[in-house]
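Heavy atoms only: backbone and side chains are in, while hydrogens, waters and symmetry mates are out.
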Amino acid sequence: SNNDLMVENILRKQPSPKHILAIMDAQNKKVYSALYTVENGMKSRISDYQWEDAAKISESIPPEMDDLLITGDGAYHFENQLGAGWQIEHSMPQQDSAYLAILGALAEAAQPVYDREQILLFKPLYIQPSSAEIEFNVSVT
């Protein structure tokens, strides 16, 4: 998941917070997210991957989780609903080709090792139908 790769990127560039919420803007006022805990520099996903309204995700985070870093291009959805001790780190949109190249490089460096053909086959898990597809009952995939 791109969320996993975003967390890997955080772990490589700064001292690890104890909890990380990786967020991608999925349009239509929704985000695609996953919540992680970090111990000894290693991440563990502690939630399912979710495609949901940001307010519902925010409400589901335990109040005692006061060391949360929210990262990703959908982090702005959380600016008005920050819990005590929560921080936001904004990042480039996932559609940005440089951002995707970074994620691919991280995947290539990950264990197990991915070969280049596998990386080219990565597809976002969070893609949902656009408003037009829903309204006109068509698919563009």
Colleague: Hey, is CD on Glu39 packed in by over 12 heavy atoms from elsewhere, all under 6.0 Å?
Modeller: no
Colleague: Are Trp86 and Ile70 packed together at the side-chain level, in the sense that at least one heavy-atom pair is separated by less than 4.5 angstrom?
Modeller: yes
Colleague: Ignoring hydrogens and geometry beyond distance, is a side-chain donor-acceptor pair present between Tyr36 and Asn3 at under 3.5 Å?
Modeller: no
Colleague: According to side-chain hydrogen bond (donor to acceptor under 3.5 Å, both in side chains), who are the partners of Lys30, at least two apart in sequence or on a separate chain?
Modeller: none
Colleague: Do Tyr76 and Met6 belong together in a cluster built from hydrophobic side chains that touch within less than 4.5 Å?
Modeller: no
Colleague: Could you tell me the separation between the CD1 atom of Ile46 and the CG atom of Leu35, rounded to the nearest 0.5 Å?
Modeller: 4.0 Å
Colleague: Tell me whether the count of non-hydrogen atoms from other residues, nucleotides or ligands lying under 6.0 Å of CD in Gln87 goes above 12.
Modeller: no
Colleague: If I take atom CD1 from residue Ile88 and atom CD from residue Glu79, how far apart are they, to the nearest 0.5 angstrom?
Modeller: 5.0 Å
Colleague: Taking the side chain as C-beta and beyond, is there a heavy-atom pair between Ile20 and Thr71 under 4.5 Å?
Modeller: yes
Colleague: Rounded to the nearest 0.5 Å, how far apart are CD of Glu59 and CD of Glu52?
Modeller: 9.5 Å
Colleague: Starting at OG of Ser33, measure out to OH of Tyr49 and round the result to the nearest 0.5 Å.
Modeller: 11.0 Å
Colleague: Run Val38 and Lys18 through side chain to side chain contact (heavy atoms under 4.5 Å, CB included) and show every step you take.
Modeller: CA-CA 5 Å; Val38 180; Lys18 190 171 178 187; 5.9 Å; no
Colleague: To the nearest 0.5 Å, how far apart are CD in Gln50 and OG in Ser60?
Modeller: 5.5 Å
Colleague: Going through the distances and angles, do Leu69 and Leu21 end up as a side chain to side chain contact (heavy atoms under 4.5 Å, CB included)?
Modeller: CA-CA 6 Å; Leu69 174 66; Leu21 181 64; over 6 Å; no
Colleague: Search all heavy atoms of Glu89 against all heavy atoms of Ala75 and return the closest pair with its distance.
Modeller: O-CB, 4.2 Å
Colleague: Specify the closest pair of heavy atoms between Asp25 and Asp73, including all atoms of both residues, with the distance to one decimal.
Modeller: N-OD1, 2.9 Å
Colleague: Do Lys43 and Leu11 have side chains that approach each other closer than 4.5 Å (heavy atoms only, starting at C-beta)?
Modeller: yes
